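All remarks here apply to the structure that follows.
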2 protein chains.
Amino acid sequence: MAIRNADAERVRNTSFFRDADDETFNTAINGAFLQRFPANTTLLMEGDTVDFLYILLEGSVELGAGWKSKDTTLAILRPVSTFILAAVVLESDALMSAVTLERSEILMVPGDSLRRGMKENAAFGFAVSEELAGCYRGLVRSIKNHKLRDSTERLANYLLTQRARQGGKDEIVLPHEKRVLAALLGMTPENLSRAFSKLSDKGVSVDGARVGFSNVTVLERLARPSPLIDNHYAQDRNTLGKAYTERQQGVLDQG
Amino acid sequence: MAIRNADAERVRNTSFFRDADDETFNTAINGAFLQRFPANTTLLMEGDTVDFLYILLEGSVELGAGWKSKDTTLAILRPVSTFILAAVVLESDALMSAVTLERSEILMVPGDSLRRGMKENAAFGFAVSEELAGCYRGLVRSIKNHKLRDSTERLANYLLTQRARQGGKDEIVLPHEKRVLAALLGMTPENLSRAFSKLSDKGVSVDGARVGFSNVTVLERLARPSPLIDNHYAQDRNTLGKAYTERQQGVLDQG
DNA sequence: ATCGCAACTTGATTAATGTCAAGCTAAAGC
DNA sequence: GCTTTAGCTTGACATTAATCAAGTTGCGAT
């Protein structure tokens, strides 16, 4: 096995491998290897055949798609996240491209091994189903966020989500550059600037990557966060149990 | 068992039960029952606890969601389709509401039974994973369709998809009322009308639910259909094998 | 230090879409 | 037959977001 024990353990404890027995785990990651990529490296293009499940251990990755000279960002992933699991399960081609945003470490698990593990061990297969179901629900949330909210509302909710995840203090640090955030929220950088201005009414102040809140109540009145769209606790899914197994892909990311 | 053999057989042959052995099948649908609903019946509201997997056998169902007095349609399902599978797998609440559009027959499978079947039989669990992965990819296509295309382009591609599914002739029949189609394509009925007008340049003529094509080449030049967004063959997934296992949820539906 | 560049902001303009208000049409009911 | 009504269409207008064009800021490299 071409991966260090420390990395194997890290994967075991954080992804859907968590509950697998040793034998299944070894089957499922047979032939896996760890790879390091510099920033802005294309890991996968839309339409490519998918041979590996990717597990992001360090860094961050953008999932995107293009058509007719336009491009859009579908999600930004942070460790520990799997990606293109659906394509691996179906032995299909990729519907999204994947590009590193920073220097990243990625465990690459052969699709054959993963599928063999799923077919040999029902409990492991079920855990993969839970992961897939969580990803699906993350996308549903993302679509609802986009179709039901305008850009200012999306930003307001993004900020409240970040605030909840960063401990509920009255200042947060944006985890991405603003142009990346704009892409994630489905708007242009220009409109992100304007959306921040609109929120200054609601007690939101911006200084570089630092965002301050002086009146959360009035911001929430605009944002109207909903547990059926927003997932304020995605990062805690490992400690909070089933209720938060969901993955937070899409616009709300896992920042 | 409260369902007729004919219904059971129908489910077996068309959904992810296809490859299950009898014992697993019986475990997975233990306690299932068939229910008939009139048109415009709410089966499930957002936020409801989900106790059953729904399998649509006859009729059609709209999946939607709302926020702040706005509503949006996420998908329109036709037989045979499962829905809210992800919530069942995660024993979670529904992120979408489900309403019948016409008189419908729905098989309701207890979530407990389904999960038990998945945990007892790895092959069955894998088949459910494939279904989930297909649903996931359907949503990815839907998001790409919405974020990368304007409303006229979405309509043009919808028409080409319908044309392919209805045999490639130069006339098709719209499977839904125009107001439903508008909701599905993420626009108002007014803008759907205007989008049809714009396409008259491209040889598209409309007469009620009948749509004619006099110059598919020029329509395709505008629509630029892509296998990475559109799924012209979704209905044939059972006969074409793995490459088309994917479910066609979202804007492109399964019409 | 300052030069250069990329990120960000701001303003003016254009394009796309939603909203409101009539009006039209065709099928259902009386 | 006529009337009603829901679905659809059309036009005028408002709102939202993208685009284009300057600027400004801040950081890194030399």
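Keep in mind the model is a prediction, meaning the values are calculated, not measured.
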First of A:Asp150 and A:Asp207 reached from the 5' end of DNA chain D, by closest nucleotide | A:Asp150
Determine whether the side chains of A:Thr73 and A:Glu62 contain a donor N or O and an acceptor N or O closer than 3.5 Å.
-> yes
Any side-chain donor-acceptor pair under 3.5 Å between B:Arg137 and A:Ser92?
->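 Side-chain D/A pair, B:Arg137 to A:Ser92: present.
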Candidates B:Arg78, B:His176, B:Glu102, B:Arg103 - the one meeting side-chain hydrogen bond (donor to acceptor under 3.5 Å, both in side chains) with B:Ser60 |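 Filter result, single survivor: B:Glu102.
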Which pair of heavy atoms, one from B:Ala65 and one from A:Leu148, lies closest together, and at what distance?
-> O-CD2, 4.0 Å
Taking all non-hydrogen atoms of both residues, which atom of B:Glu153 and which atom of B:Arg149 are closest, and how far apart?
->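 Smallest heavy-atom distance, with atoms named: OE1-CA, 3.3 Å.
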Could you give me the CA-CA distance, side-chain angles and deciding distance for B:Phe213 and B:Leu219, then say whether side-chain contact (heavy atoms from CB on, under 4.5 Å) is met?
-> CA-CA 9 Å; B:Phe213 303 92; B:Leu219 181 61; 3.6 Å; yes
Residues A:Asp150, B:Lys70: salt bridge by 4.0 Å N-O rule = no
Charged N-O contact under 4.0 Å between A:Glu171 and A:Lys169 |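 So A:Glu171 does not pair with A:Lys169 through a salt bridge.
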Under 4.0 Å between any heavy atoms, over every strand shown, what does [X] touch: base, sugar-phosphate, or nothing? Just pick one.
{"X": "A:Ser151", "answer": "sugar-phosphate"}
{"X": "A:Asn191", "answer": "base"}
{"X": "A:Glu190", "answer": "base"}

Just the endpoints, please: which first and last nucleotides of DNA chain D, 5' to 3', lie under 4.0 Å from a heavy atom of chain B?
->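 Terminal contacting nucleotides, 5' to 3': D:dG7 to D:dA12.
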Range on DNA chain C touched by chain B, heavy atoms, distance below 4.0 Å |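 First and last nucleotides in contact are C:dT17 to C:dC20.
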